[in-house]
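Since this is a predicted model, take the numbers as computed values, not measurements.
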Amino acid sequence: MAKKETVYKGLFRLGVSRRDFMKFCSSMCATLALSSSFIPQIADAIEKKKKPYAVWLEFQSCTGDTESMLRASEPSIAEIVLDIISLEYHETIMAGSGYSAEKALHDVVVNQKGKYIAIVEGSIPTKDGGIYCVIDGKTAVDRVKEVCGNAAFTINVGSCACWGGVGSAKPNPTGAVGVPALISGKYVNLPGCPMNVENVTATIVHYLTFGTLPALDRENRPLFAHGKRVHDNCERRPHFDAGQFVRKWGDDGHRRGWCLYEMGCKGPMAYLNCPTIKWNEGTSYPIQAGHPCIACASNDSWDVFGPIYTRAPHVPGASYQSTADKIGIGAVAGTVAAVATHAAIRTLRGYKIKEKLSKEKAETD
């Protein structure tokens, strides 16, 4: 494959039409939460920019983020790997192995220093000198420092690479940590269990278009993906505001699509764009499918908000959202008050009308 071709030429070579290319640019613009006026700029950048080199490192993980990437649809994994980036190293999907695989990684680190993108999946063990993960004679700690230290920037995919994830939970026998604990260079956290590959692609497209990383929050997560709560765009939100909650799996409220807060949904505390980009080719996501959000993109894993199926006692934010019970009571009380007020006004109007008619009749007589 020609290494110097642009992203667009690579897509065109695979038979991607101009129409599909523009649809991809529109999709990326929407994912990045940009105005549609930026679509031509994204298209122009992808048409002209050379494909960036990238290497994917995997350490202590379940390979869930790789599985997420393999199920990408818009663009497909073939388009991502072959034509949006030049992915030179990925242990799980690359054809090479042994010496040839390690040479591919070495060549990128040395020859493309400061220009390539490093992508890391899984937590890094640090206990006992890092002996719990050794590749080609190098510990995961040394590998991260070398590869990420020489990259243009690093994308940490999945909660394990970002915070340490499940592997860092007590008693943490391997001393697992996330990449940020080991490097000080430029990096982007894309947590989730797993991450959504569309956010990875959008981050790279933003870099190709503007030459910079997207705006980040204090956890180094891109705001386009983590700037809003799941709760803010949830289709069950009206039921939350109305105090209509599922109380038991399969009950009438569950069948009607009511709010899952009582069943342990952490959507009011979780910041991720699942409701807008969804999963399975944009078909659905957990809450839409009837399962509560577990806040898998939150720091310190999802346990920070309590067990998965346990209701969070308080919802951060405005006081009227403090608890589900208060919301329900408030909604009912508000409705009753409104009905009572309306009835009182109608009754008062009725008395006034009757009084006026009686007075007019008396004057006539």
Problem - Plane angle bin for His291 and Trp249 - parallel if under 30°, tilted between 30 and 60°, otherwise perpendicular - result: parallel
Exercise for the section: Find out whether Thr66 and Trp56 are in side-chain contact, i.e. whether some heavy atom of one side chain is under 4.5 Å from a heavy atom of the other. Expected result: yes
Exercise for the section: Could you check His254 against Leu260 for side chain to side chain contact (heavy atoms under 4.5 Å, CB included), going step by step and ending with a plain yes or no? Expected result: CA-CA 8 Å; His254 197 205; Leu260 295 163; 4.0 Å; yes
Fill in the blank from the handout: In short, Leu190 meets Met195 closest at the heavy-atom pair O-CB, 3.4 Å
Handout entry: Among Ile93, Ile117, Val108, the one residue meeting side chain to side chain contact (heavy atoms under 4.5 Å, CB included) with Leu87
Key = Ile93
Fill in the blank from the handout: d(Arg221 CZ, Leu272 CG) to nearest 0.5 Å is 8.0 Å
Problem - Donor-acceptor contact present, side-chain Asp44 to main-chain Pro40, <3.5 Å - result: no
Exercise for the section: Run the numbers on Ser298 and Phe305 for side chain to side chain contact (heavy atoms under 4.5 Å, CB included), then give the verdict. Expected result: CA-CA 9 Å; Ser298 300; Phe305 297 123; 3.4 Å; yes
Exercise for the section: Check whether any side-chain heavy atom of Asn199 lies under 4.5 Å from a side-chain heavy atom of Phe224, and answer yes or no. Expected result: yes
Handout entry: For the student: nearest non-hydrogen atoms of Ser168 and Trp163, plus distance
Key = OG-O, 3.9 Å
Handout entry: Joint cluster assignment, Val109 & Val179, ILVMFWY side-chain distance < 4.5 Å
Key = yes
Fill in the blank from the handout: Rounded to the nearest 0.5 Å, the SG atom of Cys160 sits from the CD atom of Gln60 at a distance of 8.5 Å
Exercise for the section: Check for a donor-acceptor pair, side chain of Ser159 on one end and backbone N or O of Cys296 on the other, with a separation under 3.5 Å. Expected result: yes
Problem - Spacing of CG belonging to Leu57 relative to OG1 belonging to Thr154, to within rounding of 0.5 Å - result: 8.5 Å
Problem - hydrophobic_cluster_shared for Val205 and Ile39, side chain cutoff 4.5 Å - result: yes
Exercise for the section: Using only heavy-atom distances, determine whether the side chains of Asn220 and Asn189 contain a donor-acceptor pair under 3.5 Å. Expected result: no
Practice task
Report yes if the side chains of Tyr285 and Trp279 come closer than 4.5 Å at any heavy-atom pair, otherwise no.
Solution key: yes
Exercise for the section: Would you check if the side chain of Asn196 reaches a backbone N or O of Cys274 as a donor-acceptor pair within less than 3.5 Å? Expected result: no
Practice task
Calculate, to the nearest 0.5 Å, the distance between atoms OG and OH belonging to Ser123 and Tyr132 respectively.
Solution key: 13.5 Å
Practice task
Group every Ile, Leu, Val, Met, Phe, Trp and Tyr by side-chain heavy-atom contacts under 4.5 Å, then state whether Tyr207 and Leu223 land in the same group.
Solution key: no
Handout entry: Distance (rounded to the nearest 0.5 Å) between Met94 CE and Glu91 CD
Key = 8.5 Å
Fill in the blank from the handout: Nearest heavy-atom contact between Cys265 and Ile287 is SG-CD1, 3.7 Å
Problem - CZ-CG distance between Arg256 and Asp251, expressed to the nearest 0.5 angstrom - result: 10.0 Å
Practice task
Kindly indicate whether the side chain of Phe245, heavy atoms from C-beta on, has any atom under 4.5 Å from the side chain of Phe240.
Solution key: yes
Problem - Expected output: side-chain Tyr261 to main-chain Ala312 donor-acceptor under 3.5 Å - result: yes
Exercise for the section: Look only at the side chain of Tyr116 and the backbone of Val147, and say whether a donor-acceptor pair between them is shorter than 3.5 Å. Expected result: yes
Problem - Validation row: Phe38, Leu32 side chains within 4.5 angstrom (heavy atoms) - result: no
Problem - Pair Thr63, Glu58: side-chain N/O donor-acceptor within cut-off below 3.5 Å - result: yes
Practice task
With the side chain counted from C-beta on, respond yes when Glu262 and Val246 share a heavy-atom pair under 4.5 Å apart, and no when they do not.
Solution key: no
Exercise for the section: Keeping the roles fixed (side chain from Lys266, backbone from Ile308), state whether a donor-acceptor pair exists under 3.5 Å. Expected result: yes
Exercise for the section: Please check if atom NZ in Lys138 has more than 12 non-hydrogen atoms from other residues, nucleotides or ligands closer than 6.0 Å. Expected result: no
Problem - Residues Thr276 and Asn273: side-chain donor-acceptor under 3.5 angstrom - result: no
Handout entry: Linked, directly or transitively: Leu213 and Met28 (ILVMFWY side chains, under 4.5 Å)
Key = yes
Handout entry: For the student: nearest non-hydrogen atoms of Lys248 and Met263, plus distance
Key = N-SD, 3.9 Å
Exercise for the section: Please confirm whether the backbone N or O of Asn280 pairs with a side-chain atom of Ser284, one donor and one acceptor, at under 3.5 Å? Expected result: no
Practice task
Return the minimal non-hydrogen interatomic distance between Ser86 and Lys51, and the atom names on each side.
Solution key: N-CB, 4.3 Å
Practice task
Test side chain to side chain contact (heavy atoms under 4.5 Å, CB included) on Glu88 and Leu105 and set out the steps.
Solution key: CA-CA 7 Å; Glu88 299 296 301; Leu105 175 61; over 6 Å; no
Handout entry: Backbone N/O of Ala176 and side chain of Thr126: donor-acceptor pair under 3.5 Å
Key = no
Problem - Pro214 and Thr203, any side-chain heavy atoms less than 4.5 Å apart - result: yes
Problem - Glu102 and Arg143 ion-paired at < 4.0 Å - result: yes
Handout entry: ILVMFWY cluster, Tyr271 and Ile277 together (side-chain gap under 4.5 Å)
Key = no
Exercise for the section: Looking only at non-hydrogen atoms, find the nearest pair between Pro222 and Val188 and report the distance. Expected result: CD-CG1, 3.6 Å
Handout entry: Non-hydrogen side-chain atoms of Met269 and Arg229 separated by less than 4.5 Å
Key = no
